S.K.: 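The following block contains the structure, expressed as C-alpha cells.
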Amino acid sequence: MKGYVSAALDIPVHVQNIVVRDYCRRHGYPFELSVTESREGNSAFWRLDKAKPIVAYSLALFTEAMLAQCTEIHFAVEDMQADAHTPMLMRLKRILG
Amino acid sequence: MNTFSSVEERALCEEFLRVGYVKRPVERLDALDAVLRPLRNQLAELICDPLPHLSTIVIQAEKLNDIRMALIGSLVHLRPLYYFLARQTLSALVGSELAMQRRINLSIQQPGDESSLLGIHKDTDTGDSPFEVVLWVPLTDCSKTASMYFRDHYIDIKYGEMLIFNQAIPHGNVRNDEGYTRWSLNCRFKGLFTPYAGKKLGDFFEPITMKAASMAGLS
C-alpha cells in the first residue's frame, strides 16, 4: 500500500509516516514508502498510480475530486477505508471544521 | 428556550444542568447484556475459562493495559447497542442528530491499583468541546472509592444503570479501596452540528443519526 503524506500540514512528515506505517501494521497491510506532497499543491498525488491501494495520512489531505480518482484509499488518522459515505463526511468536515 | 419540550424532557435537562449529570436505568437491559456477553467471552479467552464475576477478577498489572486495549478493539462493533442504552435520554439532552465517539472506552479499576487513576479534572480544560456529554455505564455494581466522583461525592451505581455527565463538571476517581474490581464503559456523544474542539469529526467522532434534510443540504 503506497503511503501519501504532505509537507503542507503542521504535523512533521516523519510523524505522519509513523502514523501511516502504524495503520498498515495494525491492519496487516504491506507498506510501501510514502510520497510526500509539496507545500504548494497536489502534484505528487497526480503522479501516484491510482490503480493501487493508497494510504494517506488524513482525510484532510483530500478533496472529493481526488477521492474519485482512487481505486482504494485508506486514511490513517481516521483509521478508515473510504467508502460511499466518505464524500458526505468530507462535506461535513468542510462546514464544521 | 425549551418551551416546546415535554415536561419530562425539561425536568431531565434541568437536572442535568443543575447537578451536572443524570443517573437512570439503561433503556435496554437486553442491549447491555448483549454488550457484556462478547466482552466476557473474549476475556475468558484472554485470561481464564470459565470466567468468574468481573468484580472478582484481578489482572496482573503488566498485562492490564494490553487486555484492556484488546477488549476496546472488540467493543467498536458494539457501538449501536451502546447507543440504544440511552437513545431517548440522549435525544432529550443532546439532540436528534448525533455524533458518537468512534471507540467505546473501557475502564478497569482494580483494588489498590494506582496506575489507572484520573484525578479531579474537567475534560473541557484539555481540549474537549463543552457540547459533548459522556455516557458512562458500569459493568459491575460500584460505590464509594470503586466508583467515580463528581465535585465532592461518589456515585453509587449498579449494573443496569447509566450516567450521562457534563465533562465541564470536575470529576475523577481515587484508589479503589473497596476490595472488588470496577469495570465500566464510557463514550462521548455530541450534537452533530455543534462546535468541535480537539476531538474532531472523522478521526474521533462519527455521525450516527443524520437526518434527510441535512443529507440533502450537504449533497
Side-chain angles (χ1 to χ4, degrees), chain A residues 1 3-6 8-13 15-29 34 37 54-68 70 72-97, chain B residues 65-80 83 94-106 124 127-132 187-219:
Chain A
M1 194 173 281
Y4 178 66
V5 297
S6 173
L9 297 178
D10 288 338
I11 298 96
V13 164
V15 175
Q16 295 180 50
N17 270 316
I18 290 170
V19 175
V20 166
R21 278 200 305 270
D22 178 64
Y23 176 87
C24 290
R25 183 190 56 76
R26 284 188 292 107
H27 292 276
Y29 298 129
S34 297
E37 193 57 82
I54 298 168
V55 53
Y57 170 70
S58 169
L59 195 61
L61 297 175
F62 269 67
T63 61
E64 286 186 56
M66 292 163 73
L67 193 65
C70 300
E72 181 181 332
I73 175 83
H74 299 247
F75 302 108
V77 165
E78 291 80 9
D79 195 21
M80 62 180 276
Q81 179 177 354
D83 60 18
H85 302 292
T86 307
M88 188 71 84
L89 183 61
M90 293 173 100
R91 284 172 227 156
L92 268 171
K93 282 181 74 69
R94 200 161 54 238
I95 62 169
L96 297 171
Chain B
N65 202 47
D66 286 344
I67 289 176
R68 197 176 68 85
M69 293 310 292
L71 295 171
I72 285 175
S74 305
L75 284 165
V76 167
H77 307 291
L78 303 173
R79 289 167 67 245
Y83 166 60
V94 185
S96 60
E97 287 190 289
L98 295 173
M100 179 181 185
Q101 188 176 338
R102 295 180 65 207
R103 282 178 182 270
I104 299 172
N105 297 317
L106 171 67
T124 47
D128 283 21
S129 163
F131 293 85
E132 299 167 14
C187 187
R188 292 173 174 84
F189 292 84
K190 70 191 293 296
L192 176 59
F193 293 100
T194 57
Y196 289 76
K199 296 184 165 78
K200 303 290 187 191
L201 189 68
D203 53 338
F204 191 89
F205 283 104
E206 177 184 47
I208 59 165
T209 54
M210 191 157 51
K211 303 300 183 190
S214 299
M215 290 182 190
L218 289 165
S219 297

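First the proteins, then the strands, lettered A, B, ... as listed; each starts at 1. Because the structure is a prediction, the values reported are computed rather than measured. Values below: all heavy atoms of this structure, side chains included; hydrogens, waters and symmetry mates excluded.
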S.K.: If you measure from CG on A:L59 to NZ on B:K200, what distance do you get to the nearest 0.5 Å?
M.R.: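 It comes to 13.5 Å.
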
S.K.: Mind checking the CG-CZ spacing from B:L218 to A:R94? Nearest 0.5 Å is all I need.
M.R.: 9.0 Å

S.K.: Indicate the atoms forming the closest heavy-atom contact of B:L201 with A:L96, along with that distance.
M.R.: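 Smallest interatomic distance, heavy atoms only, reads CD2-CD1, 3.9 Å.
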
S.K.: Please name the pair of heavy atoms, one in A:D79 and one in B:R102, separated by the smallest distance, quoted to 0.1 Å.
M.R.: O-NH2, 3.2 Å

S.K.: Could you state the interatomic distance from CE (B:M215) to NE2 (A:H85), rounded to the nearest 0.5 Å?
M.R.: 8.5 Å

S.K.: Which bit of B:F204 is near chain A, if near means a heavy-atom gap under 4.5 Å: side chain, backbone, both or neither?
M.R.: neither

S.K.: With only heavy atoms counted, which part of B:S219 is less than 4.5 Å from chain A, the side chain, the backbone, both or neither?
M.R.: both

S.K.: Rounded to the nearest 0.5 Å, how far apart are CE of B:M210 and CE of A:M88?
M.R.: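 Going from the CE atom of B:M210 to the CE atom of A:M88 covers 4.5 Å.
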
